[in-house]
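Okay, structure first, notes after.
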Protein chains: 2
Amino acid sequence: MNLKQLSHMLSLSQTTVSRALNGYPEVSEETRRRVMDAAKRHGYRPNPSARRLATGKSGMIGYVLPTGASVDIDPHFVEFLSGLGDYARSHELDLVLSPADADDEETTYRRIVANRQVDAVYLSAPRPADKRLALVNKLGIPFIVHGRSEGFDFDYPYLDIDNEGAFHEAGRLLVQLGHKRLALINGNDRETFAIHRERGMRRALAASGLMLGERHVCSLTMTEENGYRAARRLLEDSEPPTAIACSSLIMALGVVRAVRDLGLTIPGDLSLVAHDDVFPWLRPENFPVPLSTTRSSIRLAGARVAERLAARISGLEEGARGEVWPVDLVVRGSVAGAPV
Amino acid sequence: MNLKQLSHMLSLSQTTVSRALNGYPEVSEETRRRVMDAAKRHGYRPNPSARRLATGKSGMIGYVLPTGASVDIDPHFVEFLSGLGDYARSHELDLVLSPADADDEETTYRRIVANRQVDAVYLSAPRPADKRLALVNKLGIPFIVHGRSEGFDFDYPYLDIDNEGAFHEAGRLLVQLGHKRLALINGNDRETFAIHRERGMRRALAASGLMLGERHVCSLTMTEENGYRAARRLLEDSEPPTAIACSSLIMALGVVRAVRDLGLTIPGDLSLVAHDDVFPWLRPENFPVPLSTTRSSIRLAGARVAERLAARISGLEEGARGEVWPVDLVVRGSVAGAPV
DNA sequence: AGAGCGTTCCAAAGCGCTTTGGCTCGTTTG
DNA sequence: CAAACGAGCCAAAGCGCTTTGGAACGCTCT
């Protein structure tokens with residue numbers, strides 16, 4: 001059933017039927033009702049390919065997925081996706097993943113914009129002065145950044161959590177507990193979130209005249225193994241930290257293992273706080289010693305990004321609105337006063 | 001730059017230019033070269049929306065993503081995606097994720113097929129007599145199943161690993177080591193892979209006259225917490241197993257924690273084998289006691305599925321070819337002879 | 001020489017929608 | 001009472017590609 005057939009059986013022009021269906025005003029209410037009714041009865045659904053050719057709108061949102069033999073997709077992605085899908089579903093919005101060479105995402109961005117494959121895109125894990133962001137901004141496609149970048153002379157719409165605040169809180173807590181030698185096991189420090197976390201931590205220490213030593217900051221991809229290695233290196237130092245803040249639950253697994261291997265205990269010898277993005281399959285309260293966390297559901301963020309993208313597509317949202325979510329600090333058994 | 005302009009500047013018809021570009025034979029080699037050359041020089045790219053309307057082909061592959069507030073996307077998904085993207089990238093194939101109500105995926109399948117949104121789809125985590133599979137088969141869109149179903153009167157193309165064989169091997173190893181009371185901590189037993197694994201395990205035991213007791217099989221969503229719970233229940237039983245096979249590394253984390261909590265040791269009190277889908281962020285060799293695994297890279301599977309989907313789209317692959325990959329059994333420190 | 005044929009090209013008809021630019025009424029306005 | 005106007009509808013022109021059904025041409029073959 002296409003528009004032609006439908007309009008023919010209604011003895012109306014395609015124009016009128018199309019307008020009736022799309023809510024244009026130059027159609028009488030009675031006609032509209034007739035059309036709507038017939039459309040529903042015959043299960044008419046406009047052909048998206050045709051509509052797309054005519055309007056240039058695709059009804060999809062896009063994401064450029066960096067890939068490559070040595071490129072791992074962040075496991076957080078799937079949780080974000082859950083949230084995104086959750087919202088998108090109710091709006092019949094599909095998501096297009098365009099895999100790109102991790103070393104050359106630009107080509108892919110240009111392609112999907114030139115081809116009008118999607119109505120909007122979102123970017124994640126931005127870096128300071130991230131080229132993708134500048135590019136997408138220049139290309140003029142609606143977008144939202146999940147996370148933040150820095151160092152641009154323009155504003156842009158984003159959704160981020162208060163990473164600096166979160167690690168400031170975490171740091172402050174540890175300092176209040178009397179810890180003097182703190183360490184940070186961070187994510188890749190080319191990404192803004194990691195920079196913000198380090199900044200927050202430093203600020204908390206500075207407030208008490210403390211410093212985060214060079215040797216006490218690690219920036220690594222967030223794997224269990226890297227958490228382990230970083231923790232071993234830190235704890236085997238001549239002046240080991242008495243408290244560690246860690247950027248992910250997965251790394252925290254490695255930290256816990258290292259602590260064990262060294263015959264130390266949490267929180268007796270080491271206090272530990274980690275950031276929790278809220279995975280259904282790994283929960284901080286189930287760590288050997290329940291883990292204190294800075295918590296923020298990445299899934300909710302996904303849903304919110306989808307919502308805002310939809311709003312941007314339909315013109316309800318405009319401008320460079322930044323949105324920063326506060327982060328909960330949840331104290332559990334993994335922190336205690338500094339050992340004497 | 002569109003076809004009209006390009007053909008005009010070449011003083012050729014659109015027909016000829018289109019044919020030259022798409023490799024049709026009714027164009028002289030010289031003309032083809034001229035056209036190709038001009039197209040490249042002017043950066044001409046056919047408009048996909050137009051091509052799509054004309055041909056009905058979209059150049060995308062689809063996946064229906066079940067979502068819902070209480071539906072979690074499997075973390076394996078992201079690894080599979082890595083592989084898929086890796087292949088798709090080199091072929092400019094995009095992936096469309098269509099979120100669907102987890103309780104009604106059918107509507108979404110029908111929609112994407114009716115709309116011709118994608119040229120092929122893949123399904124994952126099939127169940128026996130999976131309705132989606134029957135549906136997709138009926139709708140006639142090219143597809144591949146990642147995993148297997150059972151109980152159909154038709155064949156279908158799939159890619160699966162030898163789950164039964166893997167757990168048969170694992171079970172046999174444990175039996176050979178003298179274990180008599182074995183247990184299985186499995187994934188959701190409505191999914192075929194879990195059924196196959198149980199089958200393999202039972203077969204291994206049966207070969208030595210052993211049985212897998214009712215109480216010694218757990219089927220749960222693969223989370224750390226469920227692994228912990230299952231292990232506690234098993235180990236606190238009056239006749240605890242001396243060996244456990246576990247369907248995922250994530251669950252194995254929970255098992256290890258439970259063993260610790262109960263003051264037991266691996267492999268002294270309990271031998272443990274788990275299935276490893278090969279996550280970059282959690283590796284069996286990094287478990288407190290290096291974990292023996294049945295290993296199969298889900299990422300490679302993703303790449304292979306993409307490859308086969310592409311082949312199906314272009315007509316290179318046809319029919320109901322099933323492909324079953326063998327699984328490596330990797331023995332590490334977590335297994336030992338049964339305690340006396 | 002005329003028929004037959006393969007090669008190379010083209011004009012035009014789709015694909016199914018949206019949107020522009022009227023056209024036809026009946027109603028209001030000066 | 002003519003002019004102006006708005007409401008409601010329509011025909012047709014896109015959107016940019018693919019594909020059908022020739023046409024023109026130079027050959028070969030009888």
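Residue numbers start from 1 in every chain, and the chains themselves are labelled A, B, ... in the order their sequence lines are given, proteins ahead of strands.
Along DNA chain C, the nucleotide closest to B/Thr55 and the one closest to B/Ser11 are compared, and the more 5′ of them pairs with B/Ser11. Comparing B/Pro46 and A/Thr16 by the nucleotide of DNA chain D whose heavy atom lies nearest to each, the residue mapping closer to the 5' end is A/Thr16. The nearest heavy atom of DNA chain D to B/Gln14 and to A/Arg19 marks one nucleotide each, and the one closer to the 5' end goes with A/Arg19.
Classified by interplanar angle (parallel below 30°, tilted 30° to 60°, perpendicular above 60°), the ring pair B/Tyr63/B/Tyr122 is parallel. Ring-plane geometry between A/Tyr158 and A/Tyr156 is classed as tilted, the angle between the planes lying from 30 to 60 degrees on a 0 to 90 degree scale.
A sub-4.0 Å separation between OP1 or OP2 of D/dT18 and a side-chain N or O of B/Tyr24 is absent. B/Ser28 has a side-chain polar atom (N or O) that falls below the 4.0 Å cut-off from OP1 or OP2 of C/dC9. Side-chain N/O atoms of A/Asn22 include one lying less than 4.0 angstrom from OP1 or OP2 on C/dT18. Distances shown here put a side-chain N or O of A/Tyr44 below 4.0 Å from the OP1 or OP2 atom of C/dC17. Considering only side-chain N and O atoms, A/Ser18 lies under 4.0 angstrom from the phosphate OP1 or OP2 of C/dT18.
Of all nucleotides listed (C/dC15, C/dC10, C/dT18), C/dC15 comes nearest to the side chain of B/Leu53. When each of C/dT8, C/dC17, C/dG14 is scored by its nearest atom to the side-chain atoms of A/Ala50, the top-ranked nucleotide is C/dC17. Taking every side-chain heavy atom of A/Val27 into account, D/dC9 is the closest of D/dC9, C/dC9, C/dC17. Ranking D/dG14, C/dG14, D/dC10 by closeness to the A/Leu12 side chain, first place goes to D/dC10. The nucleotide whose nearest atom lies closest to any side-chain atom of B/Asn2 is, among C/dT8, C/dT19, D/dC17, D/dC17. For A/Leu3, the side-chain atoms get nearest to C/dT18 when compared with the rest of D/dC17, C/dT18, D/dG16.
Base contact: A/Thr15 has a heavy atom under 4.0 Å from a base atom. B/Ser7 comes within 4.0 angstrom of nothing in the nucleic acid, heavy atoms only. Using a 4.0 Å heavy-atom cutoff across all strands shown, B/Thr31 reaches sugar-phosphate atoms only and no base atom.
Rounded to an integer number of Å, the gap from CZ of B/Arg34 to C1' of C/dC9 is 12 Å. Straight-line distance from the NZ atom of A/Lys57 to the C1' atom of C/dG16: 19 Å, rounded to whole Å. Spacing between atom CZ of B/Arg116 and atom C1' of C/dG16 amounts to 13 Å, rounded to whole angstrom units. Note: CE (A/Met1) to P (C/dC17) measures 10 Å, nearest angstrom. To the nearest angstrom, C1' of D/dC17 lies 8 Å from CZ of B/Arg51. Rounded to an integer number of Å, the gap from B/Glu30 CD to C/dT7 C1' is 14 Å. Atom-to-atom, NZ of B/Lys4 to C1' of C/dA12 comes out at 13 Å; the value is rounded to the nearest Å. For A/Leu6 and C/dT18, the CG to P distance is 12 Å, given to the nearest whole Å.
Using a 4.0 Å cut-off between charged nitrogen and carboxylate oxygen, A/Glu92 and A/Arg45 count as a salt-bridge pair.
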(request) May I have the step-by-step check of salt bridge (Lys or Arg N to Asp or Glu O under 4.0 Å) for A/Glu30 and A/Arg33, ending in yes or no? (result) CA-CA 5 Å; A/Glu30 194 210 316; A/Arg33 207 168 307 279; over 6 Å; no

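Among all heavy-atom pairs drawn from A/Pro157 and A/Phe143, the shortest one is CG-O, 3.0 Å. Shortest non-hydrogen contact noted between B/Pro126 and B/Arg132 is CA-NH2, 3.4 Å.
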